[in-house]
Structures are given as C-alpha cells and as structure tokens.
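Single-structure report; data block below.
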Amino acid sequence: MNASPSPSVPAAGSVEPDVLRTLLERPIPAVMGVLNVTPDSFSDGGEFIAPEQALARARAMIEVGVDIIDIGAESTRPYKGARPVTAADELARLKPVLSDIVALGVPVSIDSMKAEVVAFALDQGAAIANDVWGLQRDAGMAPLVAARSVPVIVMHNRDRVDPAIDIIADMKAFFQRSLDIAAQAGIARDKIVLDPGIGFGKTAEQSMIALARLRELDMFGLPILVGASRKRFIASVSPSEPTERLAGSIAAHLLAAQRGAKIIRTHDVAETLQALRVAHAIESKP
C-alpha cells in the first residue's frame, strides 16, 4: 500500500461543493466521459496520451454535453494485461494536462487507486475521486477523501475471476467492507457512489448478471454508476473488437438506467447521451 498523503491541503479551484447532488438531480443519468492518458488502455490506449490530444478530447466531450470527465493515467483494463505503474508515472502523465482540463469548467473525476495521485488531482481542482478498488487497496484513500469532503466512486473489484461464486453476494460483501472503511474514516454517506465494476474480476456471464440484478444494490440506498462501455462481455454475445461495441454498450447502459443507475461512464459520449435522452422522452409520455 502507498503511504498516506497529508489530507489537510484544500482542493484548488474545485467545482461547486455539491457537484454530486447537482448531477444526481437531473432527470436522466449523468454521463461520465472516459479520458485515458495512458499508452495501454484496452480500448483507446495511446490515443490521448499527448497533452494536446487529451485536451482536444476533453473539449470534444464538453461540446456534446458530457457531465463529468473521468481522467485516468494508469490502465486498469478489466481483464488480464494491465501493467501496474508507479504514482510517479501517473503524475508525470497528469501534470501536463490536468489543470487545463479542469479549467474547461466541467467536473473532473480522477480515476486512480493511489491516494498520492488523487491528492494531486484534487489540488489541481478535480472534484471527484474514482477508486477502482473501493477504498480497499490504499490505506490513505479513505482519510484523504474524508478530509477533502469530495464525492468518491467505490468500485467492486476482485484479484481473480472465480466463475463459481455468486457475484452479487460477493459485491454486497465487498461494498459493505468499503462502507465500513468509509464510515470509520468519516466519509459522509451522501458523498458515496457505488460501481458494480462491470468486467473487473468477473466472467462475461457475471458481468451480465451484475447488470441484470442491479436493483439488488438498492439495499445500500446509494447512487449507482455503471460503466459497461466497450467491455468484453459484449463480445461474448456478439463477437467484436472494443471499437465495434457501441450498440452493445448503449444497450447495456439503457438497461442499467432502467434499473436505476444514476451515472453512466462511457467512451462514446454523444451517442450515449442521445440514447438516454430519447429513452427518457419516450418513457415520459403518458
């Protein structure tokens, strides 16, 4: 585990303090756009690692209406092949571009499992922490989030896939551990979002079960984020490469929205927004 950073420095240039509440009050799910400043992410590795490319991508997402930009500097690809990097590596990728993206005015979340990296991003004005290990990998993460009083996305994860387990029971137990850690650190419950971690430590079948039974997570009384974008489970139904999975991603995200998801994380912002808006317009008719 990484050493705990000092949590006492206030975030610089933060977006409004109630950014999460504002997003969750909207009639359709908020859309989080993926921005990977990495060379090896499963779908778009290397496309946006150059600062000018990352900034152009952020501007393009804002132009089509993105609600949150989720920037990550370490590939956490949801199956074998991710290469761990140091905090120094992540910071080297973030420093040339993060403050410029924050300055565009849309809430930015930092996708990192390292408290040191999250602390830097919050100092630059990022508004949300997105931890793919749900506060359970770095002992400094929960105290940092509590001290900064920022929203945190708590994602379910596993070190290895086990096809034999009840994945929903595993998710519930994992989230309870995360919530206990959060409570002990003093993280306000209304700052927490749960993410079932589609594809992470799961078979394709388990990912689909997680989506089909998403309502079972309502037991925690917390908003749910779903990121099914371009994930491999889609190819198990309809063989395809990551960039060929737009239709499958939208299908999964519309079903997630019907099952109560409040935030959708996607690579394809314009198309996902259009699908969510059309579905909402139809469902709103008498």
Side-chain angles (χ1 to χ4, degrees), residues 1-12 14 17 19-20 36-38 70-78 82-95 98 108-162 165 169-197 199-202 217 220 222-225 227 265:
M1 291 186 177
N2 299 299
S4 173
S6 170
S8 58
V9 181
S14 328
V19 59
L20 181 61
N36 293 315
V37 289
T38 58
D70 188 49
I71 186 167
E74 177 181 11
S75 174
T76 51
R77 56 174 63 202
R83 293 187 292 274
V85 300
T86 65
D89 291 330
E90 286 188 63
L91 292 171
R93 295 169 182 174
L94 290 169
K95 284 178 178 178
L98 181 57
V108 170
S109 63
I110 176 64
D111 182 354
S112 180
M113 65 184 82
K114 300 180 183 71
E116 179 182 350
V117 175
V118 173
F120 166 78
L122 296 177
D123 286 343
Q124 298 301 305
I128 301 169
N130 183 6
D131 184 357
V132 298
W133 276 98
L135 307 176
Q136 297 185 34
R137 186 53 58 100
D138 185 332
M141 188 71 79
L144 171 70
V145 169
R148 300 298 185 90
S149 192
V150 293
V152 61
I153 297 160
V154 170
M155 197 190 83
H156 172 265
N157 212 333
R158 291 178 53 81
D159 282 311
R160 63 182 182 85
V161 174
D162 183 352
I165 65 169
D170 191 80
M171 287 164 58
K172 290 176 179 178
F174 180 98
F175 285 139
Q176 191 56 61
R177 290 194 299 274
S178 293
L179 292 174
D180 289 344
I181 292 168
Q184 290 167 11
I187 298 173
R189 200 171 175 92
D190 64 2
K191 298 287 188 184
I192 300 172
V193 175
L194 302 182
D195 177 353
F200 287 83
K202 299 172 184 66
L217 299 181
F220 294 106
L222 295 170
I224 305 296
L225 177 151
R265 182 179 184 274

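Index from 1, following the sequence.
At least one side-chain heavy atom of Phe220 sits under 4.5 Å from a side-chain heavy atom of Arg189. Taking 4.5 Å as the limit, every side-chain heavy atom of Val154 sits out of range of all side-chain heavy atoms of Leu222. In this structure the side chain of Val19 reaches within 4.5 angstrom of the side chain of Pro151, judged on heavy atoms. Side chains of Asp138 and Val118 form no contact here, defined as non-hydrogen atoms less than 4.5 Å apart. Considering only heavy atoms from C-beta on, Glu116 comes within 4.5 Å of Leu91 through its side chain.
When all heavy atoms of Ala146 and Ala185 are compared, the pair lying nearest together is CB-O, 3.2 Å. Summarising the geometry of Ala73 relative to Leu94, their closest heavy-atom pair is CB-CG, 3.8 Å, with the distance given to 0.1 Å. Taking both residues in full, the closest heavy atoms of Ile224 and Pro196 are given as CG2-CD, 4.0 Å, listed atom of the first, atom of the second, then distance. Residues Ser178 and Gly134 approach most closely at OG-O, 2.6 Å, considering heavy atoms. Ala127 approaches Val150 most closely through the heavy-atom pair O-CB, 3.7 Å.
The side chain to side chain contact (heavy atoms under 4.5 Å, CB included) with Asn130 is formed by just one residue from the set Asp111, Ile71, Val152; it is Asp111.
Within the structure, every pair that satisfies the salt bridge (Lys or Arg N to Asp or Glu O under 4.0 Å) test and touches residues 172-185, not counting sequence neighbours, is listed here: Lys172-Glu216.
At distances below 3.5 Å, at least one donor-acceptor pair connects side-chain atoms of Asn157 with backbone N or O atoms of Val132. In this structure, Lys114 contributes its side chain and Glu90 its backbone to no donor-acceptor pair below 3.5 Å. A donor-acceptor distance shorter than 3.5 angstrom exists from the side chain of Gln136 to the backbone of Phe174, with no hydrogens or angles considered. Judged by distance alone, with hydrogens and angles left aside, the side-chain atoms of Asn36 form no donor-acceptor pair with the main-chain N or O of Thr38 at under 3.5 Å. The closest donor-acceptor contact from the side chain of Arg137 to the backbone of Met113 lies at 3.5 Å or more, if one exists at all.
With sequence neighbours left out, the side-chain contact (heavy atoms from CB on, under 4.5 Å) criterion links Asp162 to Arg158, Arg160, Ala164, Ile165. Partners of Asp70 according to the salt bridge (Lys or Arg N to Asp or Glu O under 4.0 Å) rule, which considers only residues two or more places apart in sequence or in another chain, are Arg265.
Between atom CE of residue Met155 and atom CG of residue Leu135 there is a gap of 12.0 Å, rounded to the nearest 0.5 Å. The distance from the CG atom of Asp170 to the CZ atom of Phe175 is 10.0 Å, given to the nearest 0.5 Å. To the nearest 0.5 Å, atom CG of residue Leu194 and atom NE2 of residue His156 are 11.5 Å apart. Note that CZ of Arg148 and CD1 of Ile187 are 13.0 Å apart. Values are rounded to the nearest 0.5 Å. Distance check, rounded to the nearest 0.5 Å: CD of Gln124 to CG of Leu98 gives 5.5 Å. Between atom NZ of residue Lys191 and atom CD1 of residue Ile128 there is a gap of 10.0 Å, rounded to the nearest 0.5 Å.
Using modelled atom types, one finds no donor on one side chain facing an acceptor on the other under 3.5 Å when comparing Glu74 with Ser112.
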